[in-house]
Each structure stands twice: as C-alpha cells, then as structure tokens.
Amino acid sequence: MAKPLDKFTKPFQGSRIPFLLLEVVTNGSGDMVDLVCRFANDAAASLLGTPAAELKGRRFLWDYTPRHLAALAPLHTVAFSGSSASLPFETAAGSAFTLTCYQVMYGVVGCVLDVPSETESAAGLMADDLPGAVATLELSREGLRCLSFNRRLCQLTGWSRRELLDRFSQDVSALVVKEDWPPLLQALLDAQREGHPMDHDLRLKRREGPPLWVNLRAERLQNSGGATVFYAMLLDIDLSRRTQARLEEAQTQLTSAQDQVDALLGTLPAAFALFRLQADGTPEPVYLSGRLAELLGYPPPELLKRLRADPLCRVVPADREGLMSALLQARVNGRPCRQMCRLRTRSGQVLWAAVEAVWQPRADGETRLYLCCTDMTREQETAEELRLRTRLCDLLLDRSHIVSLDYDTAADVAHVETYDAGGHRSTRRVEHYLQSLEDSPAIHPEDRRRLATALRRASARPGAGTLEYRGNYSGQGWRWYRASLVSLFDSKGNVYGLLGKAEDVSDRQAAKRRFAELGSRFKAQAKTALAAARLDLSADRILDSRGADRYLVGVLFGNSADACLRHLRDNIPDPDQRAEFDRRFRPTPLLEDFSQGNAHHGFEHRFSLGDGRTVWVRSMLELAEDPESRHVEAFYRAVDVSAQRQRSRLAEALALRDYDFVLTVDVFSGVCCLPDGQSALPPSTTYRALAARYVRQQAPGPLRARLRRAIRLDTIQSALEDSPVYTFTFPLETEDGPRAKQLRCSWLDQEDGVLLITLADA
C-alpha cells in the first residue's frame with residue numbers, strides 16, 4: 001500500500017504541519033478494533049514524542065487503552081463515508097490536540113494535529129473572576145513594565161486602575177518593597193534566560209496599611225526586540241506568611257524551651273525515663289537520665305538500645321507481671337502508679353527500687369509515660385525502721401479514721417479528735433487522761449482497764465501496738481474499734497508522747513464471723529454434695545475441691561478458679577443451660593455482682609456424670625470476702641435434685657386429674673403438703689390434724705369410727721407392707737349430700753418415707 005499513498009504524503013514530508021495517515025482496522029462485523037499508522041512527518045513525531053520511523057506501522061493499542069480508542073470513534077465514520085471531522089484528543093502523556101481528519105482513500109484517514117496557541121491560553125486566563133491578580137509584564141533594558149492587569153490587582157493594592165496605570169505601569173519596581181526588588185529582578189532574568197516558569201514571594205506596597213505578601217508566578221510568552229513578555233499571576237499569601245512567621249517564632253521558642261528542659265533534665269540527680277506508647281501498645285524509650293544509666297551500670301546509649309528491645313529487661317522476672325499490671329491499672333484509672341520492684345544491674349546486683357509512673361496523653365493523640373526510680377535498697381534492709389515510719393505516716397496522714405489521739409505522757413494530757421459519718425471533726429482536750437478512762441462513758445466498762453494498760457505499756461517503752469475494744473462515740477450503741485498506737489521517742493529512746501487512731505471495725509467483725517460460718521458450713525455440706533469447690537476469685541486459685549466419685553473429682557481439677565468453673569460448665573449437656581451457667585458463674589461477673597451486693601447465686605440444670613447418665617442438680621454459690629487477705633472467695637456446691645423434681649412432676653401430673661385432692665405425707669415427721677395448683681396448707685400442717693378435721697365433718701356413729709381407723713397413718717403403713725396400693729371406699733357428707741369416695745394410698749418415695757394419698761369419687 002506504500003506506493004499508492006505517496007501522492008497523499010509527499011506534500012507533508014517536509015512540512016511544519018503535523019500530519020498523520022491512519023488505516024482503520026475492522027473486524028468481521030465492520031467495527032473498528034485498531035488503528036495503524038501508515039505515515040507520520042517529523043512535525044507530528046515531535047508532538048507525539050516518538051521518532052517518525054518508529055511510528056510507521058505502529059498500532060494504536062500498543063500504546064493506548066481501548067478507552068482511548070473509543071474516543072476516536074469518529075475516525076471510523078470518516079474512513080468509510082468520505083466525510084470529515086474535527087475532534088479533541090489527549091495523549092497518554094497529558095498533551096491535548098485537536099484532530100482534523102478527512103478520507104484519503106477507502107479505510108485510510110489523513111489527520112492534521114492542531115495544538116492550541118499559548119497566546120490564546122494566556123488570554124483566557126485574564127478573566128477577572130480568577131482568585132488571584134493577573135498581569136502581563138514586559139522585561140527590557142529600560143526596566144519592568146506592566147502592559148495589562150485585571151481588577152484583582154486593584155483590590156490587592158488599594159489603588160484604582162487609573163492610579164496603577166499612571167504611577168506603576170512604566171516602572172513596576174515602584175510598587176515593590178525596596179528590599180524585595182533585587183531578588184525579584186534576578187528571578188525574572190533567570191526565567192528570561194532559561195525559559196522556565198518563575199515562582200517568587202515578594203511584598204507589594206499598598207495605598208493604606210502595611211505591605212502585602214504575594215506569590216508571583218510568571219511564565220514567558222514571547223521574546224521580541226530584546227524584550228520578554230511574561231504572563232504573571234499574583235496570589236495573596238499575606239495571612240499564610242504571617243502565620244508561618246508566628247509558627248517559626250513559636251518553633252524557635254519551643255526549641256529553646258526543649259533545649260532548656262534537656263539541660264535541666266541532664267543536671268537532675270533523679271533516675272528517670274520518658275517512654276512513648278507505640279501503636280501496638282509497647283512503650284518505647286525516648287529519654288533516659290544519666291542517673292538511671294549510672295544506677296543500672298550501663299552507658300546511656302547501650303541502656304537505651306536494650307530498653308528499646310525490651311522495656312522490662314532489667315526488672316527481675318518475678319516482679320515484671322506485677323509492675324506491668326500496676327502500670328496498666330494506673331492508665332485505666334488515670335492515677336499515678338507507685339510500685340516496689342527489684343532491678344538487676346549490669347554486674348548482677350539486685351536493687352530494690354520504688355517506681356513512680358504517670359501516664360500523660362498529649363494533644364496529638366500520643367501517650368507518654370513518665371517514670372522515676374528511687375533506690376530503696378537501704379530502706380528495705382532496715383525493714384523495721386521503714387515499717388515504723390510507714391505506720392507513723394499512715395497515722396498522721398490518714399484522715400479516714402473516726403478517733404485520733406495525741407497524748408503527752410509527761411503531762412498526762414490528751415487531745416482527742418472525733419470524726420462523725422459526715423466527716424465533721426470535733427476536738428477536745430482531756431487532762432489526767434489515764435485517770436479519766438476509769439469512768440469514761442465512751443468506753444465499754446469491761447474494756448476500760450485493758451485500754452488504760454495498753455496506753456501505760458506504750459508510754460513505758462518505744463514501739464507500736466494494736467488492740468480492739470468497744471466504744472460508743474456517736475451515742476448510737478456499742479461498736480467495736482481497732483486502736484493503733486505508736487510511741488514518739490527522742491534520740492535517747494525516751495518516750496515523750498503517743499499517737500493513736502481508732503477505726504470502727506464492727507462491720508469487719510461481722511464479715512469475719514460470716515466468713516468463718518461459711519467455711520464451716522462448706523465443710524459439712526460438701527460431704528453430701530455431688531461436687532463442691534472453694535475458689536479464690538481475686539487470686540484465681542482453687543482452695544479446696546471435693547467430688548462424690550473419681551469422675552467428679554476430675555471435673556473440678558484445674559490450675560485456676562476460672563478453669564474449675566469452665567470444667568463444670570462443659571459438663572452441662574444442654575446448650576442453653578450451658579450458656580446461662582457460663583454467663584452467671586464466671587469470675588468476672590461474680591466479682592461484679594459481689595461489688596453490687598449480690599452474694600447468693602442459684603441455678604438448676606442438667607449435669608453429666610461421665611458414664612452417659614445425666615441428673616438434675618442445683619448449683620449454689622455464695623460469695624464472701626476473706627477478712628485477712630481481702631480476697632473474694634466463692635463457696636460452690638452442686639446438689640442432686642432429680643428425685644425432688646420427679647416427685648414434684650408426679651404430684652403436678654396427679655393434680656391435673658379429677659381428684660378431690662392430692663396429698664404427700666412425710667411419715668417420719670407427719671408433715672403433709674399439697675402440690676402446686678391446689679389450695680395451700682398452713683406451714684407444718686400434720687396429716688393427723690388434717691385427717692381429724694375430715695372425720696369431725698361426719699355424723700357420729702359406726703361409719704365415723706370405721707373411717708377414723710381406716711385413714712390412720714399406721715393403718716396405711718401396715719396395709720402397704722402387704723400390698724403396693726391401699727384403698728378404702730366410704731360415703732362422705734358433701735354439700736350435695738352423701739357421696740361414695742375412694743381413698744387411695746401408695747409410696748411415692750419409700751426410701752425417703754413419702755406417701756402419696758388421693759381422694760376421688762368411687
């Protein structure tokens with residue numbers, strides 16, 4: 001096809017007009033599926049960025065997508081209809097063209113590429129509604145002139161259009177602040193010489209007010225006669241520049257403050273560290289003091305590297321869990337953390353350290369951990385002195401007590417402070433304090449001498465002690481108090497005063513008694529239960545567990561209280577009952593219920609015995625706090641209630657039949673009861689009293705005597721020794737007259753001694 005096309009391509013071979021010959025490739029249905037370049041001159045190749053030799057024979061879809069091919073659909077119509085068309089097209093590099101195409105021959109299209117002129121594009125940007133000021137500037141040997149501008153420049157400077165033309169059109173430098181003119185002129189000369197766009201910030205003079213910061217962006221349009229014309233846009237950046245200046249000033253102040261903080265931290269003698277909480281929750285060290293590195297025996301860079309790998313690497317393994325738990329708890333509560341732990345130095349020495357930490361959230365969403373370590377090794381070695389000081393500090397600083405005592409042993413004068421339930425304080429001075437205790441109305445008569453003896457003993461030698469006594473400070477009755485006494489002594493060991501406080505421990509005493517009773521009851525009831533366990537929920541431990549057989553003992557086995565309750569749950573065959581047990585009988589919900597005052601829990605469910613049998617059990621659990629350890633303990637029992645449920649269901653089924661009544665009788669106690677749905681009996685109603693009432697309703701005579709003998713409990717028991725069912729038919733006086741009735745008796749549970757008695761029409 002090359003030879004027939006020469007007459008069409010020859011005029012454009014050396015032409016500066018970009019020209020292409022494209023052959024339309026179709027499928028069997030006549031649809032355009034590709035374009036093949038049959039000719040391209042150098043002007044077209046330059047615009048497309050590809051040598052002309054490479055364009056010849058090149059397919060369109062090698063470089064573009066089918067979406068681009070669809071945009072050239074008018075070429076298909078031109079190639080086979082003989083018409084012409086003009087359409088826009090954008091290359092993959094972002095260059096925009098206008099294609100003017102016509103039919104050269106059947107299936108072949110000639111295309112002329114038309115590029116929009118820069119002058120026309122620039123003229124379109126001179127619209128007055130642009131956000132910035134637009135101007136045309138001419139740079140020559142005479143200086144910088146302004147050829148044209150829009151209204152936005154008048155708004156920026158405050159001068160009218162005529163004033164701008166008269167004063168600054170021939171010399172733009174008069175509109176620019178003197179210090180900013182040389183850099184602006186140099187930037188324009190560079191853009192004139194190299195041909196690249198210019199981006200420069202400068203200050204424009206205004207008619208009123210201070211100079212205005214603007215951003216000048218200029219692009220070279222043409223060169224003629226030694227002068228260069230620039231198309232320029234000026235954007236108002238005064239607010240952003242002033243904001244940037246303030247930010248830079250603030251950053252300078254921040255940097256200065258940070259340098260001062262770093263200098264201050266470097267001189268502090270405390271051992272402390274600053275951590276940053278990472279996205280995965282791991283603390284990363286940011287700053288370590290030299291005192292901390294000295295305490296642990298490491299150079300600061302090496303210690304920082306080790307702590308980044310493992311923040312708890314120098315904490316003794318046994319103390320890591322406790323320290324981490326205390327830190328997490330402090331973060332949740334928003335309070336400072338204070339924890340004692342052991343640190344191992346580089347030489348292997350173990351130090352006792354008091355760790356104080358504070359979590360500090362920042363405005364940028366980051367969380368910082370400030371941690372300070374104090375070497376407490378010497379204090380730990382002198383434990384007795386430390387405990388004495390701790391008790392003294394507790395007595396002096398604790399304001400939750402009810403009664404406080406400051407006693408001068410030499411003068412026998414005491415200052416007593418009393419706090420009521422509302423926290424109101426009352427202070428009184430008591431002279432001859434020891435003597436006044438003999439008839440003090442606030443102290444129980446049986447405890448006055450014991451309290452006076454304790455005060456004399458504490459006044460005789462240094463030390464600390466506690467005792468419990470009964471007092472009535474509020475006038476509402478005697479309550480138990482725990483008194484703590486600490487001696488104040490001088491350097492020679494002579495006691496010169498006493499400090500003391502007394503706390504109301506009546507509730508603690510009651511809790512202690514209840515806890516002891518629960519323990520005793522658990523030991524007694526565990527012997528008859530299918531399974532029983534005593535669990536420490538606070539420490540997640542199993543304190544005691546007992547089962548009726550080897551399988552149940554294995555069910556209760558576990559290494560934690562939670563595991564024990566989970567094993568019990570897994571032996572419940574019914575899914576709904578298992579889910580209910582799991583919801584109620586787990587450490588977390590049990591502890592939450594106990595904090596709200598719910599200490600008793602009960603739940604009836606089926607339970608697997610391991611050999612394929614299941615029984616109904618009642619899971620009963622009581623919660624109590626150990627007064628010594630302050631741990632919450634759970635006393636759990638599982639009692640077999642299958643027989644009770646069977647008897648109850650049987651009685652309920654019988655009650656649905658047409659009986660006058662259905663009665664169960666305990667032959668050992670003689671107590672009887674009616675099943676649910678019938679009229680209730682008074683508590684502890686005996687069968688003998690109930691039978692006598694029915695007999696009295698009959699008229700005196702032989703029938704009444706025979707009825708009395710027939711329904712006696714011993715008569716029924718004797719008859720049931722020979723027959724499984726005892727029946728007795730007799731006439732009974734009713735509201736409708738005498739009717740024949742049949743009394744039927746049988747064993748409901750012979751082992752437990754439970755009789756079933758029914759009365760119906762004969």
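Numbers here simply count residues along the sequence, with the first being 1. Scope of the values below: all heavy atoms of this structure, side chains included, with no hydrogens, waters or symmetry mates. The shown structure was predicted, so the numbers you read here are calculated from the model rather than taken from an experiment.
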Could you tell me how the ring of F581 sits relative to the ring of F603: parallel (under 30°), tilted (30 to 60°) or perpendicular (over 60°)?
tilted
Taking side-chain hydrogen bond (donor to acceptor under 3.5 Å, both in side chains) as the test, write out the residues that go with D375, two or more places apart.
T377
So, taking the atom named OG in S608 and the one named CD1 in I572, what distance separates them when rounded to the nearest 0.5 Å?
10.5 Å
State, with a plain yes or no, whether a side-chain heavy atom of L535 is found less than 4.5 Å away from one of C564.
yes
For the CG atom of L543 and the CZ atom of F635, what is their distance to the nearest 0.5 Å?
8.5 Å
Is it the case that more than 12 heavy atoms not belonging to E321 sit under 6.0 Å from its CD atom?
no
Which pairs would a plain distance check flag for residues 312-320, meaning a side-chain donor or acceptor within less than 3.5 Å of a matching protein atom at least two apart in sequence or in another chain?
residue: R314; atom: NE; partner: R344; partner atom: O; Å: 3.0
residue: R314; atom: NH1; partner: Y298; partner atom: OH; Å: 3.4
residue: R314; atom: NH2; partner: R344; partner atom: O; Å: 3.0
residue: R314; atom: NH2; partner: T345; partner atom: O; Å: 3.1
residue: D319; atom: OD1; partner: R342; partner atom: NH2; Å: 3.0
residue: D319; atom: OD2; partner: R342; partner atom: N; Å: 2.9
residue: D319; atom: OD2; partner: R342; partner atom: NE; Å: 2.9
residue: R320; atom: NE; partner: L312; partner atom: O; Å: 3.1
residue: R320; atom: NE; partner: V315; partner atom: O; Å: 2.9
residue: R320; atom: NH2; partner: L312; partner atom: O; Å: 3.4
residue: R320; atom: NH2; partner: C313; partner atom: O; Å: 3.3
residue: R320; atom: NH2; partner: V315; partner atom: O; Å: 3.3

Name all residues meeting the side-chain hydrogen bond (donor to acceptor under 3.5 Å, both in side chains) criterion together with R583; count only those two or more places apart in sequence or in a different chain, and write none if there are none.
E580
With distance as the sole criterion, is a donor-acceptor pair present between the side chains of T427 and H415 under 3.5 Å?
no
Hey, could you give me the CH2/CG distance between W616 and D640, rounded to the nearest 0.5 Å?
12.0 Å
Looking at every non-hydrogen atom in both residues, tell me the closest pair between A561 and L537 and how far apart they are.
CB-CD2, 4.3 Å
If the condition is ring pair (Phe, Tyr, Trp, His ring centres under 6.0 Å), which residues does F275 pass it with, not counting sequence neighbours?
none
E625: side chain to side chain contact (heavy atoms under 4.5 Å, CB included) partners, not counting sequence neighbours:
F594, R630
With a 4.5 Å cut-off on side-chain heavy atoms, are L455 and L485 touching?
yes
Shortest non-hydrogen separation from R346 to G297 and the atoms involved
CD-O, 3.2 Å
I want to check something: taking the side chain as every heavy atom from C-beta on, are V358 and C337 in contact at a cut-off of under 4.5 Å?
no
Indicate yes or no: does R637 engage E622 in a salt bridge with an N to O separation below 4.0 Å.
no
Sidechain-backbone polar pair: N333 side chain, R335 backbone, donor-acceptor under 3.5 Å:
no
With sequence neighbours excluded, give me every salt bridge (Lys or Arg N to Asp or Glu O under 4.0 Å) pair touching residues 585-610.
D562-R586, D582-R586, E604-R618, E604-R645
Got a sec, which residues hit side chain to side chain contact (heavy atoms under 4.5 Å, CB included) with P300, two or more places apart in sequence or on another chain?
A293
I need the full list of salt bridge (Lys or Arg N to Asp or Glu O under 4.0 Å) pairs touching residues 523-548, with sequence neighbours left out, sorted by first then second residue.
R534-E633, D536-R541, D544-R546
Check whether N571 reaches the backbone of H567 with its side chain - one donor and one acceptor, N or O, closer than 3.5 Å.
yes
Looking at residues at least two apart in the chain, or sitting in another chain, which of them share a side-chain hydrogen bond (donor to acceptor under 3.5 Å, both in side chains) with D447?
R450, R470
Taking side chain to side chain contact (heavy atoms under 4.5 Å, CB included) as the test, write out the residues that go with A579, two or more places apart.
none
State, with a plain yes or no, whether a side-chain heavy atom of Y687 is found less than 4.5 Å away from one of V671.
no
Check side chain to side chain contact (heavy atoms under 4.5 Å, CB included) between Q278 and all other residues, then give those that pass, not counting sequence neighbours.
D280, T282, E284
Heavy-atom check, side chain of R368 versus side chain of L274, under 4.5 Å
yes
Do L690 and C672 have side chains that get closer than 4.5 Å, going by heavy atoms?
yes
Got a second to check how far R291's CZ is from C372's SG, nearest 0.5 Å?
10.5 Å
For Q360, all residues meeting side-chain hydrogen bond (donor to acceptor under 3.5 Å, both in side chains), sequence neighbours excluded:
none
Rounded distance (nearest 0.5 Å) linking atom CG of L623 with atom CG of L591
7.5 Å
Under 6.0 Å between ring centres: does that hold for H444 and Y469?
no
Side chains of T614 and F607: does their closest heavy-atom pair fall under 4.5 Å?
no
Supply the atom-to-atom distance M340 CE to L323 CG, rounded to the nearest 0.5 angstrom.
11.5 Å
With side chains defined as the heavy atoms from C-beta onward, is the minimum distance between V617 and H605 less than 4.5 Å?
yes
